[in-house]
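A short write-up of the structure that comes next.
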Amino acid sequence: MTDYTPRPDRFDQAGQDQLIDAHDLEVTQPGMRRLRAWSHAALALQPGESALDIGSGTGSEVFVFADAVGPTGTAVGVEPDLNLLTSAQRRAGERESTATFATGDAYGLPFGNESFDAVLCERVFQHLTAPARAAAEIARVLRPGGRAVVVDSDWATSIVHPGDPQVVGAVIDTLISSTTNPLSGRRLAGLLSGAGLVVDEIGSHALVQDRSVGAGALVSRIAGLAVLRGVITEAEHARLLADLQAGADRGDVHVSVTMFGVLVHKPS
């Protein structure tokens with residue numbers, strides 16, 4: 001796994017510093033690609049429509065939107081981090097894409113009411129202290145009949161094997177307590193329903209770490225934090241990492257988290 005640097009576009013500044021994200025499971029990208037394919041299929045963009053990606057980063061999903069809606073449509077990404085925003089704009093120029101990007105965040109989308117036919121918001125809600133506000137913003141900018149897909153992790157679904165069950169439990173508890181909104185995956189449908197949107201489908205996919213990796217960056221870092229917090233000992237930390245590496249060596253290792261995607265529409 002690669003080291004993960006916290007991305008400002010993923011964070012609620014009123015919340016605590018974040019330590020984890022599904023990006024940490026770098027070798028789970030096949031699973032992430034399948035979930036993104038489901039998201040795009042669920043949104044089913046048509047030529048001439050308008051689409052928004054909240055927390056668009058370097059713009060990859062907005063470029064897919066732009067191709068789908070064509071020259072008569074609109075594809076926009078909202079991104080609060082200026083470095084990522086600049087990168088997305090540069091990539092759009094290099095690709096000669098019609099995708100555009102604007103500064104904003106999940107709480108304050110810089111668009112009028114009923115501006116979009118489709119909205120995507122991926123891996124943002126887990127970092128929000130007030131996710132209901134973000135759900136209300138999605139509902140506000142959707143046109144009647146418009147649809148949205150919101151995707152996020154539920155860190156309580158994390159599995160780490162092998163290892164002493166008590167130590168593994170303490171590490172997962174540390175991971176959960178280090179995330180602003182760790183159970184966001186299971187809450188998405190309720191939050192979006194509460195904003196007046198209608199749930200049409202719920203999808204899920206377990207992001208499974210490559211079995212050759214061992215502990216990997218996420219488990220190693222969170223286990224280290226568990227030591228700092230005094231919930232496991234240095235010896236337990238070392239044993240867990242050794243158990244995971246030994247498991248990887250013999251093909252008996254499993255590290256995963258489940259992500260959920262919710263497709264909704266705004267009543268006409």
Side-chain angles (χ1 to χ4, degrees), residues 1-2 4 7 9-10 18 20-45 51-69 75 77-79 84 88 99 106 116-128 131 134-135 138 142 146-160 175-176 179 181-193 197 199-211 213 216-219 254-265:
M1 292 185 181
T2 56
Y4 171 68
R7 288 177 49 177
D9 65 310
R10 300 299 181 195
Q18 298 302 288
I20 50 85
D21 190 280
H23 283 295
D24 243 337
L25 293 176
E26 178 256 333
V27 283
T28 67
Q29 289 309 301
M32 195 66 241
R33 284 196 297 270
R34 285 189 286 271
L35 193 53
R36 280 183 172 161
W38 174 84
S39 297
H40 287 286
L43 290 174
L45 286 172
L52 170 67
D53 182 16
I54 301 171
S56 53
T58 57
S60 59
E61 305 314 296
V62 189
F63 299 138
V64 177
F65 285 173
D67 291 340
V69 301
V78 165
E79 174 54 61
L84 293 171
F116 294 95
D117 298 297
V119 173
L120 175 66
C121 184
E122 180 191 300
R123 289 179 293 183
V124 171
F125 274 55
Q126 66 180 287
H127 301 295
L128 301 179
I138 291 173
L142 271 180
R147 59 273 186 208
V149 167
V150 182
V151 176
D152 223 316
S153 310
D154 190 314
W155 290 102
T157 67
S158 301
I159 297 173
V160 176
L175 185 157
I176 291 170
T179 310
N181 186 20
L183 308 183
S184 57
R186 72 186 64 181
R187 299 186 61 206
L188 293 177
L191 288 165
L192 295 166
S193 295
L197 301 172
V199 175
D200 297 308
E201 187 177 350
I202 300 176
S204 66
H205 201 93
L207 302 187
V208 183
Q209 179 174 278
D210 187 283
R211 294 170 66 247
V213 171
L218 184 146
V219 174
H254 181 99
V255 177
S256 70
V257 65
T258 299
M259 294 191 71
F260 294 89
V262 179
L263 170 67
V264 297
H265 75 269

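These values consider heavy atoms only, across backbone and side chains, with no hydrogens, waters or symmetry-generated copies. Owing to the predicted nature of the structure, the values given are computational and were not obtained by experimental measurement.
- Across Ile54, Val64, Asp53, Leu45, a single residue satisfies side chain to side chain contact (heavy atoms under 4.5 Å, CB included) together with Leu120, and that is Asp53.
- In this structure, OG on Ser184 lies 6.5 Å from CG on Asp154, to the nearest 0.5 angstrom.
- Contact check for Leu188 versus Ile202: no side-chain heavy atoms found under the 4.5 Å cut-off.
- Not a single side-chain hydrogen bond (donor to acceptor under 3.5 Å, both in side chains) links Arg211 to another residue, sequence neighbours left out.
- For Val151 against Ser39, the heavy-atom pair with the smallest separation is CG2-OG, 3.7 Å.
- Contact check for Asp117 versus Arg147: side-chain heavy atoms found under the 4.5 Å cut-off.
- In this structure, the separation between CD1 on Ile159 and OG1 on Thr258 is 6.5 Å, given to the nearest 0.5 Å.
- A distance of 13.5 Å separates CE of Met259 from CZ of Arg34, quoted to the nearest 0.5 Å.
- In this structure, His40 NE2 and Leu35 CG are separated by 10.0 Å, a value rounded to the nearest 0.5 Å.
- With sequence neighbours excluded, no residue forms a ring-ring contact (aromatic ring centres under 6.0 Å, His included) with Phe260.
- Across all their heavy atoms, Arg186 and Ala156 have their closest contact at NH2-CB, 3.3 Å.
- Closest approach of His254 and Val208 over heavy atoms only: CE1-CG1, 4.0 Å.
- Residue Asp152 holds its CG atom at 8.0 Å from CG of Leu128, rounded to the nearest 0.5 Å.
- For the pair Val62 and Gly77, the tightest heavy-atom approach, listed with the atom from each and the gap, is CG2-CA, 3.7 Å.
- Residues Val124 and Ala106 approach most closely at CG1-CB, 4.1 Å, considering heavy atoms.
- Remark: Arg187 CZ to Phe125 CZ distance equals 9.5 Å, nearest 0.5 Å.
- Pairing each heavy atom of Ala189 with each of Val262, the nearest pair is N-CG2, 4.0 Å.
- Within the 4.5 Å cutoff, side-chain heavy atoms of Leu142 are placed close to those of Leu197.
- Residue pairs meeting the salt bridge (Lys or Arg N to Asp or Glu O under 4.0 Å) criterion with at least one partner in residues 199-208, sequence neighbours excluded, are absent.
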Notebook entry, point to check: After noting the C-alpha distance and the side-chain angles of Leu218 and Leu175, does the key distance pass the side-chain contact (heavy atoms from CB on, under 4.5 Å) rule?
Noted result: CA-CA 9 Å; Leu218 184 146; Leu175 185 157; 3.5 Å; yes
